[in-house]
J.: 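Take this structure first; my questions come after.
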Amino acid sequence: NTYLGEFSTIDGDNVFFKPKGASDFQSISIKQIQTLKIKDGQIVIGTEGTYEQLGYEQADEDIQYGKWKNVKNSYFDIGLFTVFTLPVLPLALWSFFVAQKEVRGKMDNLLKNNKSRLNVNVDMMTDEEKALYISGYGKRINEMKTNAISTGCLGGVGGFLLFAMAAAASGP
């Protein structure tokens, strides 16, 4: 069942809310609630399986709004540089290590620094729920890295082929 109403607070094992149309707040055991979502879309309580999906969705949103732009561009460059391997290998390796360092830093601080910007209430999550959330977030970031490297490789191969065709067309 879905209940609409005004959320008040969580006190111990009880959630206090006023059901739509009611005049007083009432409590319900937190164990009876699968998901508690407030008006702005933030999940206050969620079932275990939803945290991984919520983390994935948050990462997807963060990617779309440019929070991972530098990392994405670095991985694109890595893919692009791998086509020309030896001459630019130091640059590709440098880009890789810079990107990896930024990923580690952002993932380590995910639940510490950006609480107000996340789609969950970190203070209400257990350690297991946090781990699931980070797992889902990390999964989407890994997909972004793979896509950026692949796109860079394709761009490098395409650029090389265009250069080769132009050279062949100009003739001897």
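Here, residue 1 is the first one in the sequence, and each next residue gets the next number. FYI, side chains are in, hydrogens and waters are out, and symmetry mates aren't considered; it's all heavy atoms of this structure.
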J.: L110 versus K106: any side-chain heavy-atom pair under 4.5 Å?
T.: no
J.: Hey, could you give me the CH2/CG distance between W68 and N70, rounded to the nearest 0.5 Å?
T.: 11.0 Å
J.: Students often mix this up, so state it plainly: with edges at 30° and 60°, are the rings of F96 and Y75 parallel, tilted or perpendicular?
T.: perpendicular
J.: What is the distance from atom CZ of F76 to atom CG of L154, rounded to the nearest 0.5 Å?
T.: 9.0 Å
J.: With a 3.5 Å cut-off and no angle check, do the side chains of Q58 and D62 form a donor-acceptor pair?
T.: yes
J.: Which atom pair, heavy atoms only, marks the closest approach of N14 to S27?
T.: CB-CB, 4.1 Å
J.: With side chain to side chain donor-acceptor pair (under 3.5 Å) as the test, would you mind laying out the steps for Y56 and E143 before giving the verdict?
T.: CA-CA 10 Å; Y56 186 95; E143 289 174 1; 2.5 Å; yes
J.: Applying a strict under-4.5 Å side-chain criterion to I, L, V, M, F, W and Y, I'd like to know whether Y133 and M107 cluster together.
T.: yes
J.: Do you know the tightest heavy-atom contact between F7 and F17?
T.: CA-CB, 4.0 Å
J.: Looking at I63 and M144, what are the two nearest heavy atoms and their distance?
T.: CD1-CB, 3.7 Å
J.: Do any N or O atoms from the side chain of N109 and from the backbone of G105 form a donor-acceptor pair under 3.5 angstrom?
T.: yes
J.: Rounded to the nearest 0.5 Å, how far apart are OG of S74 and CD of E102?
T.: 7.0 Å
J.: Would one find more than 12 heavy atoms of other residues, nucleotides or ligands at under 6.0 Å from atom NZ of K101?
T.: no
J.: Grab the two heavy atoms, one from R140 and one from D60, that are nearest each other, plus how far apart they are.
T.: NE-OD1, 2.9 Å
J.: Going through the distances and angles, do D24 and K18 end up as a side chain to side chain contact (heavy atoms under 4.5 Å, CB included)?
T.: CA-CA 6 Å; D24 292 326; K18 181 168 49 172; 5.8 Å; no
J.: Does a side-chain heavy-atom distance below 4.5 Å link Q26 with P19?
T.: yes
J.: Measure the spacing between CD1 of I141 and NZ of K72 and express it to the nearest 0.5 Å.
T.: 10.0 Å
J.: Could you check whether atom NZ of K145 has more than 12 heavy atoms from other residues, nucleotides or ligands sitting under 6.0 Å from it?
T.: yes
J.: Checking side-chain polar atoms at under 3.5 Å, does N142 have a donor or acceptor matched by the opposite partner on K139?
T.: no
J.: Please evaluate residues I134 and L111 with respect to the criterion side chain to side chain contact (heavy atoms under 4.5 Å, CB included), reporting the C-alpha separation (whole Å), side-chain torsions for both, the decisive distance (0.1 Å), and the verdict.
T.: CA-CA 8 Å; I134 290 171; L111 300 179; 3.7 Å; yes
J.: Apply the test side chain to side chain contact (heavy atoms under 4.5 Å, CB included) to residues Y137 and E52: give CA-CA distance (whole Å), side-chain angles for both, the deciding distance (0.1 Å), then the verdict.
T.: CA-CA 7 Å; Y137 196 100; E52 191 165 22; over 6 Å; no
